[in-house]
Amino acid sequence: MDKPFEISNVLKYETFCSVNSQMIDWAYINKSYKDSDDIAWGQYNNEISSNLVYYKAATDIKYKIQKELKKDLVVCKMHTNAQTFGKRSNFHKDFRVKDCWTFILFTELNWNTQWGGEFVCENNDGKYFYTPYIPNSGVLIPSDWEHYGSSPNVHTGQLRTTLAICYATPDSLPTLINKYPDIVNRFL
């Protein structure tokens, strides 16, 4: 993959609304990396690894991605994020393992692209891509690409929320578990 793969209207409307309804209980606890100083909003009282609504969405999305990648996939991580105007985020990688992918689902019911919030990524050739934040759409990238979500701009006070779902091939799981046991073991 040398550029992001975008999917519009990724979930059935009922499933998308269910995901959006789970985007609650935010606290200022989220970081791109454990030791980073870029703090953002994360879900405080919602154990993502046991959230059946998120798993339903992840499974529906998985089948669409498998058609594109032509590979079997398993969910290995899910992560929620929220941003408000003026809150920065830094480029980061989810996993430094081949055959792992990250799908970012834009989870707000209503969004105006004038409000910002685009997803930015850099492929391994140094090329940048910008995906607008459009509700019920999303973007797939290899998990070892640098990426971040832009915060909303001055045109809104609304939260920009996302659900990131990481997938891996069965062959890549042993390496993933070995390198990231505290993250991956919660989802398998």
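All values reported here derive from a predicted model rather than from experimental measurement.
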Is there a donor-acceptor pair under 3.5 Å between the side chain of [X] and the backbone N or O of [Y]?
X	Y	answer
Thr59	Tyr55	yes
Lys64	Ile7	no
Gln83	Gly149	yes
Thr156	Gln158	yes
Arg160	Ser150	yes
His92	Glu146	no
Asp99	Ser172	no
Asn153	Gln114	yes
Ser8	Ser137	no
Tyr167	Ile65	no

Where [X] and [Y] come nearest, the two heavy atoms and their spacing:
X	Y	answer
Tyr54	Gln22	OH-O, 3.3 Å
Glu118	Tyr130	CG-CD2, 4.5 Å
Thr169	Lys71	CG2-CD, 4.0 Å
Glu68	Phe5	OE1-CE1, 3.4 Å
Leu176	Ala168	CD2-CB, 3.8 Å
Ser151	Gly86	OG-N, 3.8 Å

What I'd like to find out is whether the side chain of [X] reaches to under 4.5 Å of the side chain of [Y], using heavy atoms alone.
X	Y	answer
His147	Val139	no
Val97	Asp144	no
Ile61	Leu11	yes
Gln66	Lys70	no
Phe119	Phe129	no
Ile141	Trp101	no
Thr80	Thr162	no
Lys93	Trp145	no

Worksheet item: Any link between Leu163 and Ile134 through a network of hydrophobic side chains (Ile, Leu, Val, Met, Phe, Trp, Tyr) touching at under 4.5 Å?
Response: no

Worksheet item: Among the clusters formed by ILVMFWY side chains lying less than 4.5 Å apart, do Phe85 and Leu159 turn up in the same one?
Response: no

Drop me the distance from [X]'s [atom1] to [Y]'s [atom2], to the nearest 0.5 angstrom.
X	Y	atom1	atom2	result
Cys17	Lys12	SG	NZ	13.5 Å
Cys100	Lys179	SG	NZ	9.5 Å
Asn136	Tyr13	CG	OH	9.5 Å
Asn178	Leu173	CG	CG	12.0 Å
Asn123	Cys121	CG	SG	7.5 Å
Thr161	Asn20	OG1	CG	6.0 Å

Practice prompt. Go through Asp60 and Lys56 one step at a time and tell me if the salt bridge (charged side-chain N to carboxylate O under 4.0 Å, His left out) criterion holds.
Written response: CA-CA 6 Å; Asp60 292 351; Lys56 164 78 170 120; 2.9 Å; yes

Discussion item. Taking the ring of Tyr133 and the ring of Trp111, is the distance between their centroids below 6.0 Å?
Written reply: yes

Discussion item. One pair to check against side-chain contact (heavy atoms from CB on, under 4.5 Å): Thr131 and Phe106. What are the steps and the verdict?
Written reply: CA-CA 10 Å; Thr131 304; Phe106 303 127; 4.1 Å; yes

Practice prompt. Please assess Leu69 against Leu140 for the test side-chain contact (heavy atoms from CB on, under 4.5 Å), listing each intermediate value before the final yes or no.
Written response: CA-CA 10 Å; Leu69 297 176; Leu140 177 73; 4.2 Å; yes

Worksheet item: With under 30° as parallel and over 60° as perpendicular, where do the rings of Phe95 and Tyr180 fit, or are they tilted in between?
Response: perpendicular

Worksheet item: Do the ring planes of Phe91 and Tyr148 sit parallel (below 30°), tilted (30 to 60°) or perpendicular (above 60°)?
Response: perpendicular

Worksheet entry | Criterion side-chain contact (heavy atoms from CB on, under 4.5 Å) on Phe103 and Val10, from CA distance to verdict | CA-CA 11 Å; Phe103 185 84; Val10 66; 4.0 Å; yes

Worksheet item: Between Asp94 and Thr102, does any side-chain donor sit less than 3.5 Å from a side-chain acceptor?
Response: yes

